[in-house]
Amino acid sequence: METNVQLFSVLIADDSNDIRMIWRKRVEKLGFKKVEVAEDGAAAVAKARSSMPHLIILDFIMPGVNGLEALKQIRAFHPAAVVVVASSIAERGKILQIKDAKADLYFLKTASQEKFFETLTKAVALLKQRFPDVR
Amino acid sequence: MMKCPRCSTEQDDSKRFCTNCGIGFGIICARCETINKYDDKYCGSCGFPLSQAQVKDARPVSVSFRLRHFVARQYSAAEIQEMLELRRRIEAERKGPKTIGQDDIDKLFDETP
């Protein structure tokens with residue numbers, strides 16, 4: 001992974017502290033330095049609004065404002081963000097809802113670590129397209 | 001002349017079926033509301049004399065007069081299509097939601113909208 005990845009900011013939203021820690025370690029391993037976390041959908045929307053992160057990793061099932069609703073709200077004010085929705089839900093219908101709400105990528109939590117890194121590699125390619133001024 | 005109760009076209013009093021939409025005309029007994037055949041003189045249920053004047057209130061009747069008290073609703077092609085689609089969706093839901101793996105998810109998101 002190229003070193004300029006560290007210039008992109010990341011927001012990780014998941015109601016599980018363990019999952020937040022795992023995602024944080026993984027993205028830091030990839031070279032990201034600016035990592036924020038949120039424990040639910042409402043906090044994710046608030047932090048996205050205040051810091052406008054380049055990359056958002058969003059859990060689908062969260063208490064209060066869920067991932068789908070948070071995604072819709074974030075897209076309203078931050079359409080350029082690269083959003084990866086991560087979930088254990090594998091139902092095609094629900095995944096299509098996420099796609100229709102303009103998520104960029106969807107990652108199954110039950111998939112392997114390799115698949116996670118593949119997904120993040122795609123996310124980085126999108127980041128470079130959408131934020132070409134970040135160097 | 002009278003008006004067809006379904007399609008409102010003008011029909012000759014002598015017609016037993018609407019020449020436009022095909023429903024059968026019947027005569028409703030004023031006493032027991034049984035729907036009788038168009039050319040019956042007396043109600044087949046209670047014997048009350050029927051009159052042509054009542055034809056103006058004729059309702060759609062099923063072709064088979066064995067079902068005298070049942071007025072069959074005729075569905076349009078669009079309504080039938082809608083019901084078939086609804087049945088298909090219910091059967092699909094009954095079978096349970098389809099789950100997919102990461103590779104299929106990646107293909108879904110790779111598709112251009």
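Proteins get letters first, then strands, A, B, ... in listed order; numbering begins at 1 in each. In what follows, every heavy atom counts, from backbone to side chain, and hydrogens, waters and symmetry copies are set aside.
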By the definition side chain to side chain contact (heavy atoms under 4.5 Å, CB included), identify the one residue from I105(B), D104(B), L108(B) that meets it with R92(A).
L108(B)
Short side-chain to backbone donor-acceptor contact, Q102(B) and K109(A), under 3.5 Å:
no
For the CD1 atom of I89(A) and the CD1 atom of I100(B), what is their distance to the nearest 0.5 Å?
12.0 Å
Report yes or no: do M21(A) and M62(A) belong to one cluster of Ile/Leu/Val/Met/Phe/Trp/Tyr joined by side chain heavy-atom distances under 4.5 Å?
no
Flag yes if more than 12 heavy atoms outside E10(B) fall under 6.0 Å of its CD atom; otherwise flag no.
yes
Does the side chain of K115(A) come within less than 4.5 Å of D103(B)'s, by heavy atoms?
yes
Is the CZ atom of F77(A) crowded by more than 12 outside heavy atoms at less than 6.0 Å?
yes
D106(B) side, atom CG; K122(A) side, atom NZ - distance, nearest 0.5 Å
3.5 Å
If hydrophobic clusters are built by linking Ile, Leu, Val, Met, Phe, Trp and Tyr wherever their side-chain heavy atoms come under 4.5 Å apart, do L58(A) and V65(A) end up in the same one?
no
Path from I61(A) to V45(A) over hydrophobic side-chain contacts below 4.5 Å:
yes
Same cluster for V134(A) and V82(A) if Ile/Leu/Val/Met/Phe/Trp/Tyr side chains link at under 4.5 Å?
yes
If I measure from the heavy atoms of chain B, does D100(A) come under 4.5 Å with its side chain, its backbone, both, or neither?
neither
Interchain contact, T119(A) with chain B, by part (heavy-atom threshold 4.5 Å):
side chain
